[in-house]
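Structure first, then comments.
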Amino acid sequence: MTGKINDYKNRIVCVASLNTENEKDEPYPKRIYEDMALTLRYIANKENGRIEDFRVTEKMLEEWGVTEDEAFRTGESNYDSMFRMFIDSTGNLMKSIDPDGDIKKINKNAPLFILSNYEYYYGATLMFKAPVLDDLKKILGEDYYVVPSSINEILISPVSIADIDYLKGMILKVNSEIARPEDIMSWYIYRYDCSLGKLITVK
């Protein structure tokens, strides 16, 4: 696919998934974090709750005349504007997050939250969104665990009430027995450290 910047600048999004290598894959831009990778997808169609997309390759960026850094910046911004987030507690009372990233009221005493977007499209990408992680810190008032249960969602659990062994066992069971290979996000869980303002891998 060829074209100028106006043909794609509103259609590429930056998403996160498990970092996989396949010799048959055409080279594509990615940024690696632990066993995950941020890559670029081109949204060909997004109507009636259905999304048609494909991976952006290095050759496409070359044809478009855009650098990898510029493409990732555009993709990150487009993801934020195209996909509206939600957080759902285990009590199943959905509370939305405004498009600007401000979390409304949530029950901070709930043991587990599901964080994704309404399209359920690469919702786990939210764990790479610093404003979202920071807002959760302000609401929960403590460190919390991030469980990448699939590419489409993450689970959040406050450290003070979390069962770390249960969470580790959960992701192992889901990845090994339930999730499709293409839906696996990570084999690790992460802890958001409020003092450092970043995610730490729990191994």
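Note that this is a predicted model, so its numbers are computed, not measured.
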Under the salt bridge (Lys or Arg N to Asp or Glu O under 4.0 Å) criterion, do Glu34 and Lys203 qualify, and how do the steps go? CA-CA 11 Å; Glu34 290 291 356; Lys203 296 183 179 180; 3.5 Å; yes

Carefully, step by step, assess Phe83 and Ile51 under the rule side-chain contact (heavy atoms from CB on, under 4.5 Å). CA-CA 11 Å; Phe83 300 104; Ile51 297 174; 3.6 Å; yes

Could you check Met85 against Leu126 for side-chain contact (heavy atoms from CB on, under 4.5 Å), going step by step and ending with a plain yes or no? CA-CA 8 Å; Met85 299 172 284; Leu126 296 170; 2.9 Å; yes

Taking it one step at a time, do Asn117 and Tyr122 satisfy side-chain hydrogen bond (donor to acceptor under 3.5 Å, both in side chains)? CA-CA 8 Å; Asn117 52 52; Tyr122 286 97; over 6 Å; no

Let's go through Val56 and Leu61 carefully: what are the C-alpha distance in whole Å and the side-chain angles of both, what is the deciding distance for side-chain contact (heavy atoms from CB on, under 4.5 Å) to 0.1 Å, and is it a yes or a no? CA-CA 8 Å; Val56 173; Leu61 294 187; 3.8 Å; yes

Would Val13 and Ile43 count as a side-chain contact (heavy atoms from CB on, under 4.5 Å) if you check the C-alpha gap in whole Å, the side-chain angles of each, and the deciding distance to 0.1 Å? CA-CA 7 Å; Val13 293; Ile43 306 295; 4.0 Å; yes

Mind running salt bridge (Lys or Arg N to Asp or Glu O under 4.0 Å) on Asp165 and Lys168 for me, showing each step along the way? CA-CA 5 Å; Asp165 291 330; Lys168 287 181 177 179; 5.2 Å; no

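Listed for the Thr57 side chain is no donor-acceptor partner under 3.5 Å among the backbone atoms of Tyr28. A distance-only check finds no donor-acceptor pair linking the side chain of Arg191 to the backbone of Ile200 [under 3.5 Å]. For the pair Asp183 (side chain) and Ser150 (backbone), a donor-acceptor distance under 3.5 Å is absent. Of the possible polar contacts, none joining the Thr201 side chain to the Tyr190 backbone as a donor-acceptor pair under 3.5 Å is found. A donor-acceptor distance shorter than 3.5 angstrom exists from the side chain of Thr74 to the backbone of Glu70, with no hydrogens or angles considered.
The two residues Ile154 and Pro148 come nearest to each other via the heavy atoms CG2-CA, 3.9 Å. Taking all atoms of both residues into account, the shortest heavy-atom contact from Ala162 to Leu167 is CB-CD1, 4.2 Å. Pairing each heavy atom of Leu112 with each of Met170, the nearest pair is CD2-CE, 4.4 Å. A pairwise comparison of heavy atoms in Glu119 and Lys46 identifies OE2-NZ, 3.5 Å as the closest pair.
By the 6.0 Å and 45° rule, Lys198 does not stack over the aromatic ring of Tyr192. For the pair Arg84 and Tyr118, the cation does not sit on the ring face, since its NZ or CZ is not both under 6.0 Å from the ring centre and inside 45° of the axis. Judged by the 6.0 Å and 45° rule, Arg31 forms a cation-pi pair with Phe72.
Ile156 CD1 to Tyr145 OH: the interatomic distance, rounded to the nearest 0.5 Å, is 12.5 Å. Here the NZ atom belonging to Lys129 is positioned 6.5 Å from the SG atom belonging to Cys14, to the nearest 0.5 angstrom. Here CD1 of Ile87 is found 5.5 Å from CG of Leu115. Values are rounded to the nearest 0.5 Å. The CD atom of Glu142 sits 11.5 Å away from the CG atom of Leu136 when rounded to the nearest 0.5 Å. Atom CD1 in Ile114 sits 7.0 Å away from atom OG in Ser149 (nearest 0.5 Å). Distance check, rounded to the nearest 0.5 Å: OH of Tyr8 to CG of Leu40 gives 10.0 Å.
Judged by distance alone, the side chains of Asp193 and Ser195 do bring a donor and an acceptor atom under 3.5 Å apart. A donor-acceptor pair shorter than 3.5 Å cannot be found between the side chains of Tyr33 and Asn19. Asp35 and Ser186 share a donor-acceptor pair across their side chains, judged by distance under 3.5 Å alone. A side-chain donor-acceptor contact under 3.5 Å links Tyr120 and Glu153.
Between Val15 and Leu38 there is no side-chain heavy-atom pair separated by less than 4.5 Å. Asn45 is not listed as a side-chain neighbour of Arg50, based on a closest heavy-atom distance of 4.5 Å or more. Contact of the Met36 side chain with the Phe128 side chain is registered, since non-hydrogen atoms from C-beta on lie closer than 4.5 Å. Considering only heavy atoms from C-beta on, Phe54 comes within 4.5 Å of Met60 through its side chain.
No path of Ile, Leu, Val, Met, Phe, Trp and Tyr side chains, each step under 4.5 Å between heavy atoms, connects Leu18 with Ile189, placing them in separate hydrophobic clusters. Cluster membership check: Val174 shares its hydrophobic cluster with Leu155, using side-chain heavy-atom separations under 4.5 Å among Ile, Leu, Val, Met, Phe, Trp and Tyr. Ile32 and Met185 fall into different hydrophobic clusters, where Ile, Leu, Val, Met, Phe, Trp and Tyr residues are linked whenever their side-chain heavy atoms come under 4.5 Å apart, directly or through other members. Hydrophobic clustering (ILVMFWY, side-chain heavy atoms < 4.5 Å, transitive): Tyr144 and Tyr188 are in one cluster. Residues Ile178 and Trp187 do not share a hydrophobic cluster, defined by chaining ILVMFWY side chains whose heavy atoms lie under 4.5 Å apart.
Residues forming a side-chain hydrogen bond (donor to acceptor under 3.5 Å, both in side chains) with Ser176 (at least two apart in sequence, or on another chain): none. With sequence neighbours left out, the side-chain hydrogen bond (donor to acceptor under 3.5 Å, both in side chains) criterion links Asn175 to no other residue. When the side-chain hydrogen bond (donor to acceptor under 3.5 Å, both in side chains) test is applied to Tyr121, the partners found at least two apart in sequence or on another chain are Asp53.
Between Asp134 and Lys138, at least one side-chain N (NZ, or NE/NH1/NH2) sits under 4.0 Å from a carboxylate O, which counts as a salt bridge. The existence of a salt bridge linking Asp143 and Lys137 is excluded, since no basic side-chain nitrogen approaches an acidic carboxylate oxygen closer than 4.0 Å.
Under a cut-off of 6.0 angstrom, the local environment of CD in Glu62 is sparse, with at most 12 non-hydrogen atoms contributed by other residues, nucleotides or ligands.
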